[in-house]
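Chain identifiers are assigned alphabetically (A, B, ...) following the order of the sequence lines, protein sequences preceding nucleic acid strands; residue numbering begins at 1 within each chain. Since we're looking at a predicted model, the values are computed, not measured. Reckoned from all heavy atoms, side chains included, excluding hydrogens, waters and symmetry mates.
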2 protein chains.
Amino acid sequence: MAATIRDVAKKSGLSLGTVSKYINGHPVKETNRLLIEQAIQELQYKPNNIAKGLRNSQTFSVAVLLPMLTSNFCTSMISSIESYLLPKGYTVIVCECHNDAAMELQKARFLLDRMVDGIILIPYDSTGKQIELIQNNHTPLIVVDQIIKDHPSDTIILDNQRASYEPVKKLISLGHTKIAIITGGIDHYTSQQRLNGYEKALRECHLPIYKHYIQCGNYSTEGGYEAMMKLAKLPDPPTAVFISNYDMEIGAYIAINNLNLKIPEDISLIGFDNLPLVNIVNPPLSFSEQPTDEMGLTAAKLLYRRMLGDQSDYPKTLIHAPLFHYTDSICSPLDKERVRL
Amino acid sequence: MAATIRDVAKKSGLSLGTVSKYINGHPVKETNRLLIEQAIQELQYKPNNIAKGLRNSQTFSVAVLLPMLTSNFCTSMISSIESYLLPKGYTVIVCECHNDAAMELQKARFLLDRMVDGIILIPYDSTGKQIELIQNNHTPLIVVDQIIKDHPSDTIILDNQRASYEPVKKLISLGHTKIAIITGGIDHYTSQQRLNGYEKALRECHLPIYKHYIQCGNYSTEGGYEAMMKLAKLPDPPTAVFISNYDMEIGAYIAINNLNLKIPEDISLIGFDNLPLVNIVNPPLSFSEQPTDEMGLTAAKLLYRRMLGDQSDYPKTLIHAPLFHYTDSICSPLDKERVRL
DNA sequence: CTGAAAGCGCTAACAA
DNA sequence: TTGTTAGCGCTTTCAG
């Protein structure tokens with residue numbers, strides 16, 4: 001079938017070893033180099049990765065272990081990792097744990113048995129059992145999206161706190177005092193951080209933090225809808241809302257429409273992530289942007305370095321800055337009074 | 001490091017070959033079986049897939065080659081394929097061609113060089129070059145979502161024509177005569193089929209087919225928004241619209257809201273796919289449902305059979321039936337007149 | 001710089 | 001049934 005290194009050796013009149021050396025970048029006499037290159041050309045020789053892997057115990061594959069493929073963050077992550085690593089000869093395996101800690105651990109084990117060369121983990125379980133398992137196996141690991149307590153590792157995250165702190169500050173600077181937040185699950189790392197940023201901003205400005213202005217939308221569209229409904233029906237509804245992810249933002253937007261509220265006159269809105277909805281609606285929505293592609297790329301690059309054996313600065317934590325886009329979806333709450341007069 | 005089959009042989013006092021046979025399901029004397037099982041247990045032996053692969057030239061990996069990870073159809077596909085194939089020991093590789101035919105071909109070549117055991121293809125290029133390449137290499141292949149002309153292969157598709165035909169019939173039966181459709185790209189297989197179904201339904205009922213009632217939204221949220229805007233601003237706007245995918249449906253829904261039109265009084269709406277939006281809005285939206293999970297599972301099962309060497313009924317085409325959900329997002333156009341009187 | 005040879009972990013053909 | 005042995009395609013000593 002396919003030509004082997006042996007065929008190349010035969011055709012070029014050299015030995016197996018010499019050809020192998022050439023292929024692996026070791027110096028070879030100029031004339032021989034040409035001979036080998038010609039043979040490879042003629043035979044259409046392609047090195048067999050399986051055999052190579054058996055010798056070097058590597059598989060030229062990396063895995064992305066993640067909670068759910070339905071999340072935009074996860075797919076965007078995979079996409080940039082694949083773009084970077086495939087040209088380097090790596091295959092990207094996707095492994096979904098379906099928001100189940102036991103399955104996450106089991107799949108981590110599976111991947112280690114399959115001897116993947118590296119793992120990029122978007123953790124579900126925050127106790128860090130998966131991390132221990134992988135680290136005990138000495139497989140290069142990059143953790144993305146969360147910091148897992150007591151489990152140091154190379155980590156890529158967003159500055160989640162700033163991602164909400166800045167927008168809330170912005171709302172306050174416009175004169176808002178009744179600012180609500182729609183958060184993800186209370187036990188979720190990013191959700192917590194984004195809530196922290198919200199509270200920090202209010203506290204800094206000596207504004208009270210009201211329980212009823214903090215609604216959990218579980219990072220889902222349905223949850224965002226329900227949360228917005230509750231906020232709007234409060235006796236003293238907020239004049240501005242920050243929403244901690246895109247899915248909830250869609251839900252909240254639909255809720256606002258159904259209630260016939262106007263953005264920004266009735267309610268100022270700042271959401272999360274730069275996805276289709278925010279730009280097509282009128283007015284376009286303000287949002288904090290998580291540079292997911294860049295984060296994926298950073299993760300892939302760091303993993304690549306680790307797989308090559310470069311352990312410098314381990315464990316390294318890279319914190320990406322959010323970007324902010326402010327549009328006519330926010331305005332001073334006074335505007336409304338003016339309109340009414 | 002990890003125990004090898006050799007260690008198991010030593011520990012159980014048997015030969016390499018015997019242990020190998022046991023592992024591969026060949027008969028072994030009962031007492032020896034116990035010996036081997038115990039040794040495996042004690043040594044925590046796990047077969048090395050790389051070595052196995054080198055012998056059998058297989059990699060225990062399958063690839064999903066697809067246009068874009070941002071499509072819900074694609075991720076849902078991957079998800080069900082992974083669920084079925086991972087427990088069987090296969091790893092699922094994802095490979096994105098970014099809507100680029102040349103890249104699709106190049107990545108197909110990469111996957112073949114990496115000797116994946118099978119490929120599930122959601123085609124981008126409809127000329128079928130990728131298919132030829134893969135078939136010439138004798139790698140098991142399942143094509144999903146499209147039928148590529150002159151390139152017979154195992155194929156899993158939705159009955160796309162029926163997915164639009166039935167809803168349009170339904171609208172006609174309610175009394176609508178001004179029915180529009182928002183389609184994907186004109187050269188796209190599923191888009192074309194769904195358009196066919198629309199036209200067939202109208203034709204059967206002797207209703208005219210108007211060019212201006214057929215708007216292309218390119219399967220994107222933005223496109224759906226624009227298309228709906230155009231339809232609404234027509235001198236004689238449609239009383240009902242069928243939308244051929246979910247992303248465009250979100251866009252169209254936002255457009256309808258921005259125009260202050262009411263569903264279903266001003267416009268009856270039937271969309272596509274069972275995703276969050278359709279159920280949270282008020283009224284919930286009617287839609288054709290593509291059973292993506294089931295299609296993914298069917299694809300994975302068929303691929304598995306092919307990889308095991310079962311070639312029965314090749315090439316097999318499996319056509320999945322759409323499901324229909326009708327809600328209060330549609331009503332008779334007469335209702336509107338009544339309201340106005 | 002080159003060639004010969006050993007061996008990565010496993011399977012399969014063959015002989016016993 | 002079981003054990004022996006020859007490789008799958010490649011890398012890497014080690015002599016030359």
Side-chain angles (χ1 to χ4, degrees), chain A residues 1-40 43-61 89 112-117 138 307-309, chain B residues 1-40 43-61 89 112-117 138 307-309:
Chain A
M1 314 286 286
T4 74
I5 199 171
R6 188 166 250 110
D7 300 320
V8 176
K10 208 159 287 172
K11 179 146 234 154
S12 62
L14 295 165
S15 82
L16 242 180
T18 310
V19 177
S20 170
K21 268 158 209 148
Y22 162 77
I23 289 170
N24 292 290
H26 300 284
V28 170
K29 213 202 285 179
E30 181 65 11
T31 53
N32 289 340
R33 208 203 74 209
L34 294 169
L35 247 36
I36 295 173
E37 279 172 359
Q38 190 183 341
I40 288 179
L43 294 168
Q44 293 249 48
Y45 168 75
K46 300 248 177 66
N48 178 324
N49 284 295
I50 312 183
K52 209 170 190 163
L54 179 56
R55 261 309 306 227
N56 307 347
S57 44
Q58 61 172 160
T59 53
F60 298 96
S61 62
L112 296 176
D113 288 348
R114 292 297 312 266
M115 299 195 278
V116 294
D117 296 343
H138 305 292
M307 291 192 298
L308 257 38
Chain B
M1 312 286 286
T4 74
I5 199 172
R6 189 165 250 112
D7 299 322
V8 176
K10 209 159 286 173
K11 179 147 233 150
S12 62
L14 295 164
S15 83
L16 241 181
T18 310
V19 176
S20 170
K21 266 160 210 144
Y22 162 78
I23 289 170
N24 291 290
H26 300 282
V28 170
K29 214 201 285 180
E30 182 66 10
T31 53
N32 289 341
R33 208 204 74 209
L34 294 169
L35 247 36
I36 294 173
E37 280 171 359
Q38 191 185 342
I40 288 180
L43 294 168
Q44 293 249 49
Y45 168 75
K46 301 249 175 64
N48 179 325
N49 284 297
I50 310 184
K52 210 171 190 162
L54 179 57
R55 262 313 304 227
N56 307 346
S57 45
Q58 62 172 158
T59 53
F60 297 97
S61 62
L112 296 177
D113 287 347
R114 293 298 310 265
M115 300 196 277
V116 295
D117 296 343
H138 306 290
M307 292 192 298
L308 258 38

Going by side-chain hydrogen bond (donor to acceptor under 3.5 Å, both in side chains), name the pairs with one or both residues in residues 47-57 of chain A, residues two or more places apart or in two chains.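 Qualifying pairs, neighbours excluded: none.
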Paired and unpaired positions of DNA chain D as dot-bracket, Watson-Crick or G-U wobble under 3.5 Å, | denoting a partner strand: ||||||||||||||||
For a 4.5 angstrom cut-off between non-hydrogen side-chain atoms, does B:Ile5 reach B:Ser20?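 They are in side-chain contact.
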Side chain to side chain donor-acceptor pair (under 3.5 Å) partners for B:Thr59, two or more places apart: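 With sequence neighbours excluded, B:Thr59 shows a side chain to side chain donor-acceptor pair (under 3.5 Å) to B:Ser61, B:Asp117, given in chain and number order.
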What string of B, S and - do you get for nucleotides 6-16 of chain D 5' to 3' if you count protein non-hydrogen atoms under 4.0 Å? BBBBBBBB---
Partners meeting side-chain contact (heavy atoms from CB on, under 4.5 Å) with A:Glu37 (sequence neighbours left out):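 With neighbours one apart ignored, the set is A:Tyr22, A:Arg33, A:Leu34.
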Under the rule for side-chain contact (heavy atoms from CB on, under 4.5 Å), what residues qualify as partners of B:Lys46, not counting sequence neighbours?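 B:Lys46: side-chain contact (heavy atoms from CB on, under 4.5 Å) contacts with A:Asp113.
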Enumerate, atom names and distances included, each donor-acceptor pair closer than 3.5 Å involving a side-chain atom of residues 7-18 of chain B, sequence neighbours excluded.
| residue | atom | partner | partner atom | Å |
| --- | --- | --- | --- | --- |
| B:Asp7 | OD2 | B:Thr4 | N | 2.8 |
| B:Ser12 | OG | B:Val8 | O | 2.8 |
| B:Ser12 | OG | B:Ala9 | O | 3.2 |
| B:Ser15 | OG | B:Gly17 | N | 3.4 |
| B:Ser15 | OG | B:Thr18 | N | 3.3 |
| B:Ser15 | OG | B:Thr18 | OG1 | 3.1 |

Which atoms form the tightest heavy-atom contact between A:Ile50 and B:Gln58, and what is the distance?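 Result for this residue pair: CD1-O, 4.0 Å.
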